Undergrad: 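One structure, pasted below without further comment.
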Amino acid sequence: MRYDLVVFDNDGVLVDSESISNRLLAAYLTELGHPTSYEDSIRDYMGSAMHRIHDLVLERSGERLPADFDDVFHSRVFAAFERELRPVPGVTGVLEKLTADGVPYCVASSGSHERIRVGHRATGLDRWFDDTRIFSAQDVGKGKPAPDLFLHAAERMGVAPERCVVVEDSPLGVRAAVAAGMDVYGFTAMTPPAKLAGASGLFADMGELADLLA
């Protein structure tokens, strides 16, 4: 393999969570008086850290979200994860191959550490990701599209950025990977390919990834 580290985004790449979380986010924002459709949520917030939701709502409405917004939202999401969440089809095969080939990998997500771990426990992916392989936007000052999170993950894993490849499904994540000086493959299962145009390559089926990385 031509890379020394594979960095996975989490939501929509490892766990099939984007439809769940964006459905609940749209409903909660609407409940709070900020009408938001599912499509609006996908367009504006997919792949972003929580602070971006606060910032955009304040910018657009002049109103701040409630102080307990994050806690309420996460409690709803975690409950739904326990009922509905599944791994992205084909991702366990990718992880099995990376492990068999001895290729280091990790996850670098805009989500909180708790969100990552809840999702991994619910789907059984926790067997593939111990604490040394999990990085969150909580670990750095700025989330995606800033490169900070990916650079942090590479540093902690002991790999130069130019030897890393990122697997992403959001425009913000692709921008962050490019800014970090890393190759990035865009997963188009939920995202129109045109929105991931800055990626090094695109793929629609997780079963295609291993060949792209070879």
Side-chain angles (χ1 to χ4, degrees), residues 7-58 64-92 94-95 105-144 148-150 152-153 167-170 172-173 176 187 189-191 206:
V7 184
F8 291 95
D9 177 42
N10 189 56
D11 293 291
V13 171
L14 294 176
V15 295
D16 198 7
S17 56
E18 293 290 10
S19 60
I20 298 171
S21 58
N22 282 283
R23 182 186 78 227
L24 294 173
L25 178 58
Y28 189 26
L29 289 173
T30 300
E31 177 185 320
L32 293 172
H34 306 285
T36 305
S37 69
Y38 172 78
E39 292 76 18
D40 293 337
S41 184
I42 291 286
R43 182 192 67 226
D44 294 340
Y45 303 120
M46 182 172 157
S48 64
M50 291 299 292
H51 68 79
R52 178 177 167 84
I53 302 172
H54 289 263
D55 292 345
L56 279 180
V57 169
L58 178 60
R64 294 187 182 278
L65 291 170
D68 64 349
F69 178 87
D70 291 12
D71 291 338
V72 173
F73 174 62
H74 283 132
S75 69
R76 296 181 183 185
V77 168
F78 296 164
F81 279 3
E82 295 293 344
R83 298 189 304 268
E84 305 174 40
L85 193 62
R86 300 290 183 272
V88 167
V91 79
T92 55
V94 174
L95 295 171
Y105 63 87
C106 65
V107 57
S109 171
S110 293
S112 66
H113 277 281
E114 183 181 15
R115 178 186 173 112
I116 298 167
R117 286 167 170 80
V118 167
H120 286 190
R121 286 196 300 270
T123 58
L125 291 183
D126 53 342
R127 65 173 288 209
W128 302 102
F129 292 91
D130 60 26
D131 288 348
T132 66
R133 297 179 188 263
I134 297 176
F135 304 99
S136 161
Q138 289 180 313
D139 302 330
V140 295
K142 291 186 287 187
K144 306 169 189 178
D148 304 39
L149 175 57
F150 289 140
H152 171 71
V167 185
E168 264 288 354
D169 70 333
S170 77
L172 293 175
F187 184 40
M190 280 193 65
T191 309
M206 195 58 69

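Treat the numbers as computed from the prediction; the structure is a model and nothing was measured.
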Undergrad: Taking all atoms of both residues into account, what is the closest heavy-atom pair of Ala49 and Ala137, and its distance?
TA: CB-CB, 4.3 Å
Undergrad: So does Arg52 pair up with Asp55, basic N to acidic O under 4.0 Å?
TA: no
Undergrad: Apply side-chain contact (heavy atoms from CB on, under 4.5 Å) to the pair Val57 and Tyr45, showing each step before the final yes or no.
TA: CA-CA 11 Å; Val57 169; Tyr45 303 120; 3.9 Å; yes
Undergrad: To the closest 0.5 Å, what do you measure between CZ (Arg76) and CG (Leu24)?
TA: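 Rounded to the nearest 0.5 Å, the CZ-CG separation comes out at 8.0 Å.
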Undergrad: To the nearest 0.5 Å, what is the distance between CG on Asp11 and CD on Glu18?
TA: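 Here the interatomic distance stands at 5.0 Å.
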Undergrad: What pairs with Phe150 under ring-ring contact (aromatic ring centres under 6.0 Å, His included), at least two apart in sequence or on another chain?
TA: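 Phe150 satisfies ring-ring contact (aromatic ring centres under 6.0 Å, His included) with no residue once adjacent residues are dropped.
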Undergrad: Kindly list each side-chain donor-acceptor pair under 3.5 angstrom involving residues 119-129, sequence neighbours excluded, with atom names and distances?
TA:
unit_1, atom_1, unit_2, atom_2, d
His120, NE2, Asn10, OD1, 2.8
Thr123, OG1, Gly119, O, 2.9
Thr123, OG1, His120, O, 3.3

Undergrad: Stepwise, does the side-chain contact (heavy atoms from CB on, under 4.5 Å) test hold for Met206 with Leu14?
TA: CA-CA 10 Å; Met206 195 58 69; Leu14 294 176; over 6 Å; no
Undergrad: What distance separates Lys144 NZ from Leu149 CG, expressed to the nearest 0.5 Å?
TA: 6.0 Å
Undergrad: So which atom in Ile116 and which in Gly111 form the shortest heavy-atom distance, rounded to 0.1 Å?
TA: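 Residues Ile116 and Gly111, closest heavy atoms: CD1-O, 3.9 Å.
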Undergrad: State which residues pass salt bridge (charged side-chain N to carboxylate O under 4.0 Å, His left out) with Glu82; sequence neighbours excluded, sorted by chain then number.
TA: none
Undergrad: Between atom CG of Asp9 and atom CG of Asp169, what is the distance when rounded to the nearest 0.5 Å?
TA: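 Atom-to-atom, Asp9:CG and Asp169:CG are 5.5 Å apart.
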Undergrad: Determine yes or no for a side-chain-to-main-chain donor-acceptor pair under 3.5 angstrom, with Gln138 supplying the side chain and His113 the backbone.
TA: yes
Undergrad: For Thr132 and Asp130, indicate whether the former's side chain and the latter's backbone hold a donor-acceptor pair under 3.5 Å.
TA: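 Not a single qualifying donor-acceptor pair exists.
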Undergrad: Drop me the distance from Asp44's CG to Ser41's OG, to the nearest 0.5 angstrom.
TA: 7.5 Å
Undergrad: Answer yes if the side chains of Arg115 and Ser109 hold a donor-acceptor pair under 3.5 Å, and no otherwise.
TA: no
Undergrad: With sequence neighbours excluded, what pairs up with His152 under the ring-ring contact (aromatic ring centres under 6.0 Å, His included) test?
TA: Phe135
Undergrad: Are the side chain of Ser110 and the backbone of Gly47 linked by a donor-acceptor contact shorter than 3.5 Å?
TA: yes
Undergrad: Not counting sequence neighbours, which residues clear ring-ring contact (aromatic ring centres under 6.0 Å, His included) with Phe8? List them please.
TA: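 Partners of Phe8 under the ring-ring contact (aromatic ring centres under 6.0 Å, His included) test: none.
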Undergrad: Would you list the atom pairs, donor with acceptor, under 3.5 Å between side chains in residues 67-74 and any protein atom, with sequence neighbours excluded?
TA:
unit_1, atom_1, unit_2, atom_2, d
Asp70, OD1, His54, NE2, 2.7
His74, ND1, Asp70, O, 3.0

Undergrad: Please report the closest heavy-atom contact between Val91 and Pro87, naming both atoms and the distance.
TA: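 Reported closest heavy-atom pair: CG1-CB, 4.2 Å.
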Undergrad: Might you point out which heavy atoms bring Ser170 and Gly173 nearest each other, and give the distance in Å?
TA: OG-N, 3.0 Å
Undergrad: Between Ala80 and Ile20, what is the shortest heavy-atom contact and its length?
TA: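 Here Ala80 and Ile20 meet closest at CB-CG2, 3.7 Å.
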Undergrad: Using side-chain contact (heavy atoms from CB on, under 4.5 Å), reason through Leu25 and Thr36 one step at a time and then give a plain yes or no.
TA: CA-CA 8 Å; Leu25 178 58; Thr36 305; over 6 Å; no
Undergrad: Take Val15 and Phe81, measure what side-chain contact (heavy atoms from CB on, under 4.5 Å) needs, and give me the verdict at the end.
TA: CA-CA 10 Å; Val15 295; Phe81 279 3; 5.7 Å; no
Undergrad: What distance do Phe78 atom CZ and Ser21 atom OG have between them, rounded to the nearest 0.5 Å?
TA: 10.5 Å
